[in-house]
2 protein chains.
Amino acid sequence: MNKKKQQILTTGKDLFWKYGIKRVTVEEICNRSGVSKMTFYKHFSNKYDLAMDIMDSIYDENINRYREIMSSDREYKDKVADLYKIKLDATNDMSHEFLNDYINSGETELISYLNGKIEKIMGIIINDFIIAQEKGEIRKDIKPEFINFFLDHMVKMSGYPELIKLYSNAQEMILELLNFFFYGILPRSEIINLNKQKFKNDV
Amino acid sequence: MNKKKQQILTTGKDLFWKYGIKRVTVEEICNRSGVSKMTFYKHFSNKYDLAMDIMDSIYDENINRYREIMSSDREYKDKVADLYKIKLDATNDMSHEFLNDYINSGETELISYLNGKIEKIMGIIINDFIIAQEKGEIRKDIKPEFINFFLDHMVKMSGYPELIKLYSNAQEMILELLNFFFYGILPRSEIINLNKQKFKNDV
DNA sequence: TATAAATATATGAATATAGTACAAATATAT
DNA sequence: ATATATTTGTACTATATTCATATATTTATA
């Protein structure tokens, strides 16, 4: 990778993260990264092209982290816990300003590109869930998309003050969420026993 | 205070805090605060005039908090600890983006205005230090300006990762800093005893 | 030294923004 | 209810900013 291009990507990300895309000018990116405007346009056709590249690299990075975790031969439960911790979904890693400007840029090309990326990632994740399901690591009567949806929401939830304030610290909350997640989807016989007991008490 | 003006001030602060002054447009402030451009220009002559008003109110608010703390008849030590906790110096309360744009606005009038405000606040604080010094609450051989300087740096220091990582939590660090601050400036006889003991050990 | 890459500066065109004018709408007080 | 003041929406112009490209010069590299 070209050194100058890397500098543009780095400062571009820094600025976009802070201020969003539309508030940042090409000239500013050039000045801060110590690169002339000409070299900028040598590598990127415009500001939104740079934004696309940045988004690209983030997704690739996250996909790699995902693959690394999933390829290890640990317990399935531990792998999912790791996914949760690194917040796999790249949109969670982005600043609100950046994603917002990206979507509202009006550049339909960008949006469809982003959707394609997300679709691809979702495909990989859901496929892995299906495999895990076939292996018996997840209950067979759950839709894989639901699991992915819930995992995504769990990450979001852990940022909500309303939830956080229920626990004395974040670790406790994460543990609680993970426990809920696993005891809800893992085929544990304890759940059946628990249900029976509950039933007895009700009667 | 006019309701519309207050709305402009609030959203102005919100936007300036996030993006700095130069990245925010008058129209944006108007739209977000639900106020027409005409009423904006009725209350403020331009964007930097609004910024000045915002800075004004912050300083006034902080001055009031300061006065409130200092007028209470608690121990001097406790008062200073409170000052440290609320980060009295208004510049610390400001976003880096805002202060930076404010100073680099090129509007010399703004800068001198800010300097005047700071000078005034410094005067009040230092005067209080001198009074405390005369009362014997602070060692007589310390320059009040130094104390103020150090207090200010202490606030900044408590934001440094290098320092933070030395302690298991922020509370511990704050305590450490405060202890250092007071045992350094308070006229405690223990310090003399400590010195004697240390000397004995060395021999 | 020859060749490629990067820079500084200038420039025109497109776009965004600031600030004002004015008629219509809304709120407020009597 | 009516007169008065306030606010709004829209339009408008002048100015400023930004984009994107062109060209001459400098710097790095093989």
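Proteins come first, then strands; the chains are lettered A, B, ... in the order of their sequence lines, and each starts at number 1.
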Return the polar atom pairs (N/O with N/O) between nucleotides 27-30 of chain C and the protein under 3.5 Å, or none.
none

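For B:F44, the ring-ring contact (aromatic ring centres under 6.0 Å, His included) partners two or more places apart in sequence, or in a different chain, are B:F40. Taking the ring-ring contact (aromatic ring centres under 6.0 Å, His included) definition, one finds that A:Y19 meets it with nothing, sequence neighbours left out. Partners of B:D60 under the side-chain hydrogen bond (donor to acceptor under 3.5 Å, both in side chains) rule, at least two apart in sequence or in another chain, are B:K117. For B:K37, the side-chain hydrogen bond (donor to acceptor under 3.5 Å, both in side chains) test picks out B:E27, with sequence neighbours left out. Every side-chain hydrogen bond (donor to acceptor under 3.5 Å, both in side chains) that B:E28 has, sequence neighbours left out, goes to A:R23. A:R74 pairs by the salt bridge (charged side-chain N to carboxylate O under 4.0 Å, His left out) definition with A:D82, not counting sequence neighbours. Under the salt bridge (charged side-chain N to carboxylate O under 4.0 Å, His left out) criterion, A:D49 pairs with no residue, sequence neighbours left out. With sequence neighbours left out, A:T39 forms a side-chain hydrogen bond (donor to acceptor under 3.5 Å, both in side chains) with A:S36. A:D14 pairs by the salt bridge (charged side-chain N to carboxylate O under 4.0 Å, His left out) definition with nothing, not counting sequence neighbours.
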- Task: Could you please spell out the steps behind the side-chain contact (heavy atoms from CB on, under 4.5 Å) verdict for B:K79 and B:M70?
- Result: CA-CA 6 Å; B:K79 289 182 194 173; B:M70 287 319 246; 4.0 Å; yes

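At the heavy-atom level, A:K4 lies under 4.0 Å from the strands shown only through sugar-phosphate atoms.
Taking a pair as Watson-Crick or G-U with both hydrogen-bonding distances under 3.5 Å, the stems of three or more pairs touching DNA chain C are C:1-30 with D:1-30.
One finds the CG atom of A:L50 at 10.5 Å from the CE atom of A:M52 (value rounded to the nearest 0.5 Å).
Atom-to-atom, CG of B:L50 to C1' of C:dG19 comes out at 15 Å; the value is rounded to the nearest Å. Taking atom CD of residue A:Q7 and atom P of nucleotide C:dA5, one finds them 17 Å apart after rounding to whole Å. The NZ atom of B:K3 sits 10 Å away from the P atom of D:dT7 (whole-angstrom rounding). Distance CZ (B:F44) to C1' (C:dT20): 19 Å, rounded to an integer number of Å. For the pair B:K42 NZ and C:dG19 P, the interatomic distance rounds to 17 Å; values are reported in whole Å.
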- Item | Annotated protein contacts, base or backbone, on nucleotides 15-30 of chain D with a non-hydrogen cut-off under 4.0 Å, one of B, S, - each | ---SBBBBB-------

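Close to C:dA5, at under 4.0 Å from its OP1 or OP2, lies no side-chain N or O of A:T39.
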